[in-house]
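Have a look at the structure below, then the notes.
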Amino acid sequence: MNFDELLSIRDQETGTFSCLLLGKLVKRNVDGKYQNVIDVRDDLSDNIIFCESLKYELKALSVLKPQRQLHFMLGKDDTAINSVKTIIIERGVYLTLAQLLNDNPSLVARQDFTNNLLKSIFEATKELNGQNIFHECFDPRNVLVRKGDSQVFLLNHGSFYKSITDQQAFFGDMKEFVAPEVLEKGTVDERCDVYSIGKLIESLYSLGSMPLAVKKVVKKAISELPEDRYNSVEDMEKALSRLNSAMHSAVLFVVAAFAALFIVGTYFTIVPEQNEMEYVKPAPQEPEMDLDDGFNPATELGFIANDTASQLTPEQQKKMAEYEKKAEEIFRKRFELEADRILSKLYNVNNMGFNEKKFMATSQKTLEELSKAQEKIASQTAISGAKSQRIASEIVERIANKKKKELK
């Protein structure tokens with residue numbers, strides 16, 4: 001079996017996946033060299049309007065030279081007659097997008113592949129539209145990719161063939177990817193390509209779950225009425241980018257919110273169990289009064305045993321209550337400043353990009369700093385451990401909630 005026979009078998013196996021809009025893509029020996037050849041469809045090869053449109057497209061593209069455009073020429077015996085049997089494409093190894101996905105269907109699950117594919121298609125289409133050329137049909141069988149790097153290339157463009165009377169027959173089984181107004185010989189503009197690209201994206205996600213942002217863009221792009229679609233391919237691309245960014249930000253916020261809840265919950269878990277006591281809202285703060293350094297109610301008022309507090313005189317009890325109140329106010333003020341400083345190192349945008357291991361390490365360090373600060377300030381202000389823990393918990397919860405809102 002020679003190489004020509006092997007190529008023939010391969011072409012038969014790929015079947016409809018190698019059938020472009022104008023005909024079937026094959027490898028053929030031409031003048032001793034293997035070239036990419038399109039065998040033009042029988043219903044088009046002898047159509048005078050088609051042949052003239054093809055020749056006009058060949059001439060126009062040779063002048064405009066858009067990027068991502070495959071160059072082609074007519075078959076050797078088709079240049080001077082009103083019948084085109086073959087089209088020869090520039091050298092290279094190309095296959096249709098349909099072939100590529102059939103050979104490796106897992107590609108659509110790779111975000112980088114899908115993003116690069118759509119980026120290339122948007123770039124190519126914007127340039128064509130800027131020169132008043134419209135591809136019209138982005139059926140995966142009518143989009144070519146280069147083997148190896150999967151770079152996108154386009155060949156023949158539907159707007160060059162709008163003179164053909166029966167557009168339904170011209171697009172054949174690819175008409176599902178063509179805007180309704182094109183098939184009905186209506187107005188042809190950028191919105192036709194918006195529709196077709198929307199159909200291509202829809203087909204890429206046919207075997208998987210389409211992201212919400214993409215689904216929203218596709219729904220508008222494939223609207224039946226042109227005026228309900230995006231006005232241009234550029235508008236469609238911007239909308240897709242904007243919605244993807246919004247969804248990404250929303251995901252980051254949700255992750256941050258869950259992380260914050262986890263941290264606060266973990267903090268309360270490791271703090272010793274608190275005694276149940278009624279919380280009395282402190283009176284409005286008076287002008288700041290610092291306690292003397294080294295103040296200790298037990299030594300200032302004399303030694304007081306645990307069971308002798310009730311034996312204090314009313315005057316001593318009143319003085320004791322005033323000192324406790326001042327000590328609590330000073331603890332609140334000092335711990336709030338310290339807690340705000342410590343939590344600011346955790347609740348910031350930079351930490352949202354940490355991996356799980358690093359984030360957990362940062363969270364543990366934050367909890368340890370908060371606990372040490374509570375114990376240190378409590379010892380300095382001579383208030384009980386249970387009371388300082390309760391006040392610290394209130395302050396941490398309030399500051400954490402505030403910083404979560406600021407992150408949003």
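In terms of the ring-ring contact (aromatic ring centres under 6.0 Å, His included) criterion, residue partners of Tyr161 (sequence neighbours excluded) are, by chain and number, Phe50, Phe170. For Gln111, the side chain to side chain contact (heavy atoms under 4.5 Å, CB included) criterion is met by Asn115, not counting sequence neighbours.
Salt bridge absent: Lys326 and Glu322 never bring a charged side-chain N and a carboxylate O closer than 4.0 Å. Under a 4.0 Å N-O distance rule, the pair Glu234/Lys238 qualifies as a salt bridge. A salt bridge links Asp173 and Arg141; the closest N-O separation between the charged side-chain nitrogens and carboxylate oxygens is under 4.0 Å. We find that Arg398 and Glu336 are joined by a salt bridge, their nearest charged nitrogen and carboxylate oxygen being less than 4.0 Å apart. Between Lys199 and Glu202 there is a salt bridge, since at least one side-chain N of the basic residue sits less than 4.0 Å from a carboxylate O of the acidic one. Remark: Arg332 engages Glu328 in a salt bridge, criterion side-chain N to carboxylate O under 4.0 Å.
Side-chain atoms of Gln374 and Ser388 include a donor-acceptor pair closer than 3.5 Å. Looking at Ser45 and Asn47, their side chains never bring a donor and an acceptor atom within 3.5 Å of each other. No side-chain N or O of Asn36 forms a donor-acceptor pair with one of Glu90 less than 3.5 Å apart.
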> Given the rule in the salt bridge (charged side-chain N to carboxylate O under 4.0 Å, His left out) test, do Lys345 and Glu369 qualify, once you have shown the distances and angles that lead to the verdict?
Replying inline: CA-CA 11 Å; Lys345 294 188 291 183; Glu369 284 190 63; 3.0 Å; yes
>> Before you tell me yes or no, could you show the steps for Val40 and Thr86 under side chain to side chain contact (heavy atoms under 4.5 Å, CB included), namely the whole-Å CA-CA distance, both residues' side-chain angles and the distance that decides it to 0.1 Å?
In response: CA-CA 6 Å; Val40 178; Thr86 57; 5.7 Å; no
>> Using the rule given for salt bridge (charged side-chain N to carboxylate O under 4.0 Å, His left out), can you reason through Lys175 versus Asp139, listing the C-alpha separation, both sets of side-chain angles and the distance that settles it, and then say yes or no?
In response: CA-CA 9 Å; Lys175 61 185 177 183; Asp139 186 304; over 6 Å; no
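Here the straight-line distance linking atom CD of Gln67 with atom CD of Glu123 works out to 8.0 Å at 0.5 Å rounding. His157 NE2 to Asp193 CG: the interatomic distance, rounded to the nearest 0.5 Å, is 10.0 Å. Rounded to the nearest 0.5 angstrom, Ile121 CD1 and Glu237 CD are separated by 11.5 Å. Between Ile133 atom CD1 and His135 atom NE2 the span is 11.5 Å, to the nearest 0.5 Å. If you take CD1 on Ile377 and NZ on Lys333, they are separated by 12.5 Å, rounding to the nearest 0.5 Å.
Counting only heavy atoms from C-beta outward, the side chains of Phe122 and Leu240 approach each other to under 4.5 Å. The shortest distance between side-chain heavy atoms of Ser150 and Leu117 does not fall below 4.5 Å.
Listed by first and then second residue, the side chain to side chain donor-acceptor pair (under 3.5 Å) pairs that reach into residues 203-217 come to none, sequence neighbours excluded.
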